[in-house]
Amino acid sequence: MNADNPNPAAAARHDWTREEVQALFDLPFNDLLFEAHHVHRRHFPPNQVQVSTLCSIKTGACPEDCAYCPQSVRYDTGLEKEDLLAVEEVVAQARAARERGATRFCMGAAYRSPKQKQLQVICEMVREVKALGMETCATLGMLNADHAAQLRDAGLDYYNHNLDTSPEYYGEIITTRTYQDRLDTLERVRNAGMKVCCGGIIGMGEAAADRIGLLLTLANLHAHPESVPINQLVQVPGTPLFGSETLDPLDFVRTIAVTRIMMPRSHVRLSAGRSEMSDETQALAFFAGANSIFYGERLLTTDNPDLDHDQQLFAKLGLEAEPAADNEDLADSPGSPGSPATDRAGADVRS
């Protein structure tokens, strides 16, 4: 690839080869970021970032054995189990997230697959959050076709179900559900007419070839996920992956850049692990095509940068929150990163 010419990969493709993806990863760092940033500008406003908030609506006691996850009942991580939250509590959290500038509210539950009684409550949560004018997302484990249809009818916009890693490395991380199980859930979500949020985790001891395998699988789906979260492993004491070798920040940025080139119209999200990233790493990731973050001090069970720090980072980089899909006025709410109120306060917020 020539950094002086437009990248032919700017058009969405679904026929990537391993050799092509390897060639992207092998580019000199500056050339790769040039290519990725060029693609990003062709499809998105370059200084807007979609802002989501993630809420754990049911925590812990998951029967799965995902080696990275503190919510697994198989590992002693000190996490307190919490039953499914009341609808009113979730709506209150969504309203607070909206007031702080989030335009999408994501609800996560530690299930292998939700039971019908649980799903009825979650569908009511979706309806109530949707009524606030926010986009809605849920991650509830595996879905059958009926589950997917019920969530769609409730108004769910996105369903998150990550592939986590490559098909080849997957068995080293999870044994309680198959890779095909995950692909089947994604297909049911698509068939129901919802948008897909699907990505993976890097820094789990995988080889570079496994990062290629993950992105190949995602980009060669018949439709690219509308949202692609790229997580950096958060090492939690008590999980099997605690003590893994720390990921090189430049390897993370390379992965963001290749993701952007391969899936040019997808939102690429900086997800778990952002609290351990420097401002400089995040700035490079935004330049490489990341344009979505989780906003708020907590993800499901792990830390996230605090609101003041994110507001300050947005102000330093000249970034602003992407307007809500259905209500652009939400982008001007007082807590919104990059809103006039945030910009004026930029010098006063703490690092």
Side-chain angles (χ1 to χ4, degrees), residues 1-51 166 199-203 206-221 224-232 247-271 273-274 276-293 310 313-322 337-338:
M1 255 173 228
N2 186 336
D4 295 325
N5 294 322
N7 185 355
R13 292 177 48 192
H14 307 271
D15 59 351
W16 288 90
T17 68
R18 183 170 290 273
E19 292 73 24
E20 288 176 309
V21 185
Q22 182 69 67
L24 289 174
F25 273 102
D26 288 345
L27 282 172
F29 187 74
N30 287 342
D31 289 353
L32 175 60
L33 263 62
F34 178 92
E35 295 283 353
H37 190 71
H38 178 83
V39 171
H40 183 60
R41 279 181 175 264
R42 291 182 69 172
H43 296 281
F44 291 96
N47 297 307
Q48 285 188 356
V49 177
Q50 191 279 322
V51 177
S166 69
I201 308 169
I202 63 173
E206 75 282 353
D210 295 307
R211 294 170 198 162
I212 293 173
L214 169 65
L215 296 185
L216 265 177
T217 305
L218 290 168
N220 286 346
L221 293 170
H224 292 164
E226 285 81 2
S227 179
V228 182
I230 301 296
N231 299 274
Q232 178 178 285
L247 182 70
D248 186 325
L250 295 186
D251 286 340
F252 181 83
V253 175
R254 278 187 179 275
T255 304
I256 293 290
V258 175
T259 303
R260 167 53 64 216
I261 292 170
M262 295 178 71
M263 290 170 277
R265 298 186 180 96
S266 302
H267 279 82
V268 178
R269 177 182 294 146
L270 302 185
S271 294
R274 201 161 59 85
E276 300 172 7
M277 297 177 195
S278 68
D279 286 356
E280 293 79 7
T281 297
Q282 293 186 67
L284 282 172
F286 289 130
F287 185 82
N291 63 337
S292 179
I293 63 167
D310 276 340
L313 179 61
F314 271 49
K316 286 194 295 185
L317 299 180
L319 300 175
E320 62 181 12
E322 179 182 281

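As the structure is a prediction and not an experimental result, all values here were calculated from the model.
Taking the six-membered ring for Trp and thresholds of 30 and 60 degrees, His37 and His40 have ring planes inclined between 30 and 60 degrees apart.
No side-chain heavy atom of Leu215 sits less than 4.5 Å from a side-chain heavy atom of Val228.
Between the CD atom in Gln232 and the CD atom in Glu276 there is a gap of 6.0 Å [rounded to 0.5 Å]. Separating the CG atom in Leu317 from the CG atom in Leu313 is a distance of 4.5 Å, to the nearest 0.5 Å. Taking CD1 of Ile293 as the start and CZ of Arg274 as the end, the distance is 4.0 Å to the nearest 0.5 Å. Atoms NE2 and CZ, on His224 and Arg265 in that order, are 9.0 Å from each other to the nearest 0.5 Å. The CD1 atom of Ile261 sits 11.5 Å away from atom CZ of Arg13, with the distance rounded to the nearest 0.5 Å. Rounding to the nearest 0.5 Å gives a distance of 8.0 Å between CD1 of Ile230 and OG of Ser271.
When every heavy atom of Gly203 is checked against every heavy atom of Arg211, the shortest pair comes out as N-NH2, 4.4 Å. Closest non-hydrogen pair, Pro225 versus Ser266, comes out as O-OG, 2.6 Å. In this structure, Leu32 and Ala257 approach most closely via the heavy-atom pair CG-CB, 3.7 Å. A pairwise comparison of heavy atoms in Gly199 and Leu214 identifies O-CD1, 4.0 Å as the closest pair. The nearest pair of heavy atoms linking Ala321 to Val51 is CB-CG2, 4.0 Å.
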Derivation and outcome, side chain to side chain contact (heavy atoms under 4.5 Å, CB included), residues Leu218 and Thr259: CA-CA 9 Å; Leu218 290 168; Thr259 303; over 6 Å; no

Check the pair Leu270, Phe252 against side chain to side chain contact (heavy atoms under 4.5 Å, CB included), reporting the backbone distance first and the verdict last. CA-CA 10 Å; Leu270 302 185; Phe252 181 83; 3.8 Å; yes

Could you go through the side chain to side chain contact (heavy atoms under 4.5 Å, CB included) check for Met262 and Leu24 one step at a time? CA-CA 10 Å; Met262 295 178 71; Leu24 289 174; 4.2 Å; yes

Walk me through whether Val253 and Leu33 qualify under side chain to side chain contact (heavy atoms under 4.5 Å, CB included). CA-CA 9 Å; Val253 175; Leu33 263 62; 4.1 Å; yes

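For the side chain to side chain contact (heavy atoms under 4.5 Å, CB included) with Ile202, the lone residue among Asp210, Ile256, Thr255, Asn231 that qualifies is Thr255. The only option from His43, Arg260, Arg269, Glu322 that meets the side-chain hydrogen bond (donor to acceptor under 3.5 Å, both in side chains) definition with Asn291 turns out to be Arg260.
For Arg18 (side chain) and Ala209 (main-chain N/O), a donor-acceptor pair under 3.5 Å exists by modelled atom type. The main-chain N or O of Phe25 is found under 3.5 Å from a side-chain atom of Arg254 such that the two form a donor-acceptor pair. With hydrogens and angles ignored, the 3.5 Å screen pairs a side-chain donor or acceptor of Glu20 with a backbone N or O of Thr17. In this structure, Asn220 contributes its side chain and Trp16 its backbone to a donor-acceptor pair below 3.5 Å.
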